[in-house]
Amino acid sequence: MSEHIFIGVAWPYANGPLHLGHIAGAYLPADIFARYHRLKGNKVLMVSGSDQHGAPITIRAERESTTPQEVVAKYHQQFIDCWKKLGISFDLFTTTGTPNHTQVTHNIFLNLLNKGYIYKDKMLQAYCPKCQRVLPDRYLEGTCPYCGFTKARGDECDACGKPLNSWELKDLRCYLCSTPPRFESSEHFFLRLPSFQDKLTAWIKEQTHWRHNVLGTTWKFLGEGLKDRAITRDLDWGVTVPQSGFERKRIYVWFEAVIGYLSASKEWAKLQGDDTAWQAFWQDDARSFYFIGKDNIFFHTLVWPAMLMGYGGLNLPYDVPANEFLTIEGKKLSTSRGWAIWLHDYLERYEPDPLRYALAANMPETGDSDFSWHEFLRRNNNELLATYGNLAHRVLTFAYRNFDGVVPTAGEMDERSQSLLHGAEVTLDGVDKLLYHCQFKEAVKKSMSLAQEANRYLDEQAPWKTIKIERETSAKSVYTVLSVLAALKTVFYPFLPFSSERLHSFLGFDGSVKEAGWKVQFLPPGQKLRQPQPLFVKLDEDVVDKESSRLDSLSENRQIES
RNA sequence: GGCAGCGUAGCUCAGGGGUAGAGCAGAGGACUCAUAAGCCUUUGGUCGGUGGUUCAAAUCCACCCGCUGCCA
């Protein structure tokens with residue numbers, strides 16, 4: 001039976017390029033999951049988009065003497081290019097800047113307002129008279145009252161780690177121009193999160209299938225007690241507030257960005273020519289999955305569900321398989337210090353599949369994990385290429401040369417060969433279950449072990465020997481391994497779509513792996529093979545040194561600049 | 001500071017009350033179809049530290065140390 005699977009992926013902030021942490025954390029697992037479900041014959045809707053609002057973008061635009069719209073457009077285009085090159089198969093990747101998004105946001109805002117989940121109140125805000133801008137906490141700087149650090153931010157002291165309220169700081173000033181701010185009273189809307197506390201608690205209790213880290217974080221927030229949160233800001237860049245008197249205010253990004261999941265679904269439906277097509281993914285038995293980094297858990301397990309509960313009639317998340325963080329060469333990623341590997345930069349120089357493999361095989365599912373160029377090289381050369389790529393290449397070239405370029409007729413299958421074919425089906429089944437439960441790392445491992453088993457079989461059978469004595473025996477072994485390759489291109493498809501498609505074609509199939517479905521696609525004897533080529537490129541050892549020094553120099557330059 | 005997660009073989013990571021696991025790296029071997037890839041065998045860890053609960057702890061508890069994140 002075909003299922004409806006909604007996949008929401010964290011909205012990247014259109015303020016800078018994407019790095020490997022973003023990919024390992026959200027985009028790659030989401031794409032693996034989407035491809036898997038499509039192959040299973042399920043209906044998948046995977047959406048996301050550029051988050052284009054918020055103060056950092058306006059400030060960046062001012063610094064670069066351009067407009068927020070131009071900053072956003074630049075990165076939005078870069079994101080789209082990256083998705084294409086890396087094979088992240090969104091059904092729609094839009095932005096929060098569409099009229100549709102504004103309309104959907106207004107609809108939810110007014111709905112929650114009418115039901116009393118949103119109320120109006122006054123709050124004090126810091127305002128910089130020189131920048132003529134309301135200053136969010138992190139744009140305030142001053143001296144920490146606890147440790148005396150002179151560059152503490154309005155929300156937290158970087159030196160002693162204490163959380164702060166901006167008015168506690170001594171010598172308070174604007175982070176951008178050092179002018180002392182003045183505090184003004186301003187009217188804003190607030191979301192009554194506490195009124196969802198009980199319902200959320202009851203709902204979270206049922207989510208026993210969620211990851212431990214996600215549940216742990218969620219319970220922590222519930223335990224502390226939810227608090228009301230402002231959902232509007234004094235800004236001019238953002239989604240407008242549909243209330244008179246609020247013409248110069250905008251909806252706070254955190255509130256409208258999560259609504260993007262719904263507005264993107266509606267936009268997708270319109271593009272399909274069926275305005276109601278989104279409903280099948282948001283109602284009834286449809287299950288929704290949200291792929292995010294651990295920093296985003298609060299918004300996806302509590303805030304967004306609360307908004308949905310208040311709104312009514314739409315499915316709450318079925319799962320939020322948040323990943324932990326990726327470190328680079330053992331050090332934490334830092335965009336401001338230039339300690340990052342940028343996706344667009346990687347894709348200019350290397351193939352997508354090896355990266356997908358390296359990140360999936362070591363995905364930060366249960367804890368932070370590390371990416372190093374040495375490890376990347378090893379994964380590519382010793383696992384991907386040596387175990388899987390070489391298996392494909394040795395069998396395909398052997399069949400191509402010795403059996404007239406066609407799939408040989410197997411003849412009678414012995415027990416060993418049958419058990420390997422059975423093993424292929426067991427693997428398919430096992431990977432199926434693992435992917436169903438979002439256990440990506442295990443799924444890669446299990447897939448690779450099938451390739452290992454096939455290598456072992458091939459060595460035992462030695463068709464290169466038997467072909468000199470008994471052609472049928474050799475044909476049987478070759479046929480068996482070709483069938484295992486057919487299974488491998490299927491199990492690996494979610495992880496390695498590009499090489500799977502190539503293998504699919506070398507095996508003589510037409511069309512895409514997608515159409516073949518999640519099953520061992522046995523080869524018709526006599527099917528014409530295509531001239532095989534190596535699936536993966538061996539990387540030279542000096543890649544490690546080159547990339548490491550590149551990383552160091554980028555990082556140093558960045559520090560000199562700032 | 002509070003809270004959460006993590007700390008397991010040289011490296012990257014699984015496991016999670018009952019004789020320590022995988023892959024890679026290292027060592028030895030047989031083979032040669034293949035991108036000098038593959039296969040077999042093998043070295044290697046008192047599971048961050050100290051206490052405690054238990055017949056039994058890497059696994060539970062307490063405290064400590066280190067790393068990471070969150071504090072809306």
Side-chain angles (χ1 to χ4, degrees), chain A residues 25 137 146-147 155-157 160-164 191 193 211-231 252 254-255 293-299 301-303 306 322-327 329-333 358 361-372 374-402 439 441-442 444-446 448-449 451-468 474 477-478 481 532-539:
Chain A
D137 285 343
Y146 299 99
C147 73
D155 50 352
E156 185 182 33
C157 173
C160 69
K162 288 233 188 211
L164 300 165
L191 178 66
L193 277 178
R211 288 184 183 170
H212 287 114
N213 55 345
V214 176
L215 282 174
T217 307
T218 304
W219 280 119
K220 185 197 81 174
F221 289 118
L222 281 173
E224 288 170 358
L226 300 173
K227 300 183 185 80
D228 289 346
R229 270 202 98 180
I231 61 168
Y252 207 171
W254 67 261
F255 184 83
K294 65 173 160 182
D295 52 328
N296 236 328
I297 290 174
F298 172 70
F299 290 102
T301 64
L302 294 169
V303 176
N323 273 346
E324 302 281 306
F325 286 160
L326 194 71
T327 54
E329 305 284 357
K331 288 200 281 184
K332 89 176 187 191
L333 237 146
N362 193 23
M363 197 171 267
E365 284 173 36
T366 52
D368 292 354
S369 69
D370 187 54
F371 178 95
S372 69
H374 183 262
E375 190 64 8
F376 171 74
L377 185 89
R378 190 190 69 69
R379 292 272 186 201
N380 183 74
N381 288 0
N382 300 341
E383 292 183 22
L384 195 55
L385 186 147
T387 305
Y388 174 43
N390 186 57
L391 171 73
H393 196 241
R394 70 196 291 208
V395 177
L396 286 168
T397 49
F398 188 82
Y400 200 78
R401 286 175 196 159
N402 295 291
Q439 292 175 290
K441 206 154 47 166
E442 266 311 301
V444 174
K445 221 169 155 182
K446 195 176 262 303
M448 198 50 97
S449 68
Q452 282 174 326
E453 211 185 310
N455 272 319
R456 232 169 278 142
Y457 168 89
L458 209 53
D459 274 43
E460 287 167 25
Q461 300 282 313
W464 49 90
K465 275 185 186 164
T466 53
I467 196 160
K468 295 172 189 158
S474 182
S477 316
V478 169
V481 181
Q533 301 286 326
L535 281 182
F536 305 104
V537 179
K538 181 148 187 164
L539 293 171

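Hydrogens, waters and symmetry mates play no part in the numbers below; they use all other heavy atoms, side chains included. Here is how names work: the chains are called A, B, and so on, in the same order as the sequence lines, proteins then strands, and each is numbered from 1.
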Nearest-Å distance, [atom1] ([X]) to [atom2] ([N])?
| X | N | atom1 | atom2 | answer |
| --- | --- | --- | --- | --- |
| Glu460(A) | C39(B) | CD | P | 11 Å |
| His374(A) | C11(B) | NE2 | P | 12 Å |
| Glu329(A) | U12(B) | CD | P | 10 Å |
| Ile297(A) | G5(B) | CD1 | P | 11 Å |
| Asn382(A) | U12(B) | CG | C1' | 13 Å |
| Leu326(A) | G69(B) | CG | C1' | 14 Å |
| Leu215(A) | A4(B) | CG | P | 14 Å |

Item checked: Nucleotide opposite G7(B) in a Watson-Crick or G-U pair, distances under 3.5 Å ->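 When the pairing criteria are applied, C65(B) turns out to be the nucleotide that pairs with G7(B).
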Margin query: Which nucleotide, if any, forms a Watson-Crick or G-U wobble pair with U54(B), using both distances under 3.5 Å?
Written below: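 Because no pair has both required distances under 3.5 Å, U54(B) counts as unpaired.
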Check: Under the 5.5 Å and 30° test, is Trp464(A) stacked on the base of C33(B)?
Finding: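 Yes.
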Next item on the list: Could you check which of U12(B), A34(B), C70(B) has an atom nearest any side-chain atom of Arg401(A)?
Entry: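 Of all the options, the side chain of Arg401(A) is nearest to A34(B).
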Next item on the list: May I ask you to say what Lys227(A) touches in the nucleic acid, namely base, sugar-phosphate or nothing, with a heavy-atom cut-off under 4.0 Å?
Entry: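 It contacts base atoms.
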Check: With a 4.0 Å cut-off on heavy atoms, is Ser372(A) in touch with a base, just the backbone sugar-phosphate, or nothing at all?
Finding: nothing
Notebook entry, point to check: Between the base of G38(B) and the side chain of Asp459(A), is there a donor-acceptor distance below 3.5 Å?
Noted result: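 Such a pair exists between side chain and base.
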